[in-house]
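In what follows, a structure is listed as structure tokens, so that the remarks can point back to it.
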Amino acid sequence: MESFKLHLLRLARAERVEVPGTSLKAYPLLEPEERQGAALYLLLEGELVIDLPGGRYLHLRKGEAARVTEPHRLLPVERAVLVEWG
């Protein structure tokens, strides 16, 4: 595999970015989205609420990350740019 460098925040502010050969993707989240499987999220910009079962939630701010293993909903606070693995 060749070496390369990506500026994920700059690229993902405009559109979805996927890294070939991996499950890594970076994208702007403008609307709520449902997720069923496990994933690791790293918030590059903005704020994000991850709504979990049983009235629980995680609130991420820029630079924070969370691993979620149960069904969940992603709720951007205005706008969020995030990296997702999984």
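Between the NZ atom in K25 and the CG atom in L82 there is a gap of 10.0 Å [rounded to 0.5 Å]. Interatomic distance, E47 CD to L75 CG, rounded to the nearest 0.5 Å: 12.5 Å.
Other residues, nucleotides and ligands place more than 12 heavy atoms under 6.0 Å from the CD atom of E34.
L48 is not connected to L40 by any chain of hydrophobic side-chain contacts under 4.5 Å among Ile, Leu, Val, Met, Phe, Trp and Tyr, and they are in different clusters. Under the 4.5 Å side-chain heavy-atom criterion for grouping Ile, Leu, Val, Met, Phe, Trp and Tyr, Y41 is connected to L43 within one hydrophobic cluster. Residues L29 and L44 do not share a hydrophobic cluster, clusters being chains of Ile/Leu/Val/Met/Phe/Trp/Tyr side chains in contact below 4.5 Å. Cluster membership check: I50 does not share its hydrophobic cluster with Y57, using side-chain heavy-atom separations under 4.5 Å among Ile, Leu, Val, Met, Phe, Trp and Tyr.
A heavy-atom distance below 4.5 Å is not found between the side chains of K62 and E64. Considering only heavy atoms from C-beta on, V83 stays 4.5 Å or farther from Y27 through its side chain.
For residues 75-86, the salt bridge (Lys or Arg N to Asp or Glu O under 4.0 Å) pairs, not counting sequence neighbours, are R35-E84.
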Test R16 against E18 for salt bridge (charged side-chain N to carboxylate O under 4.0 Å, His left out), laying out the working first.
CA-CA 7 Å; R16 184 181 194 95; E18 295 187 20; 3.0 Å; yes
For a side chain to side chain contact (heavy atoms under 4.5 Å, CB included) check, start with the C-alpha distance between R56 and E70, then their side-chain angles and the critical distance, and finish with the verdict.
CA-CA 12 Å; R56 298 174 298 126; E70 54 200 320; 2.8 Å; yes
Working for side chain to side chain contact (heavy atoms under 4.5 Å, CB included), residues L58 and V49
CA-CA 6 Å; L58 299 170; V49 174; over 6 Å; no
Determine whether L52 and V68 satisfy the following criterion, side chain to side chain contact (heavy atoms under 4.5 Å, CB included), listing intermediate values before the conclusion.
CA-CA 9 Å; L52 302 166; V68 182; 3.7 Å; yes
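Residues meeting the side chain to side chain contact (heavy atoms under 4.5 Å, CB included) test with A65, sequence neighbours left out: L42.
One finds no salt bridge joining R73 and E33 here, because no Lys/Arg side-chain nitrogen approaches an Asp/Glu carboxylate oxygen to under 4.0 Å.
Across all non-hydrogen atoms, the minimal contact from S23 to G86 is OG-N, 3.3 Å.
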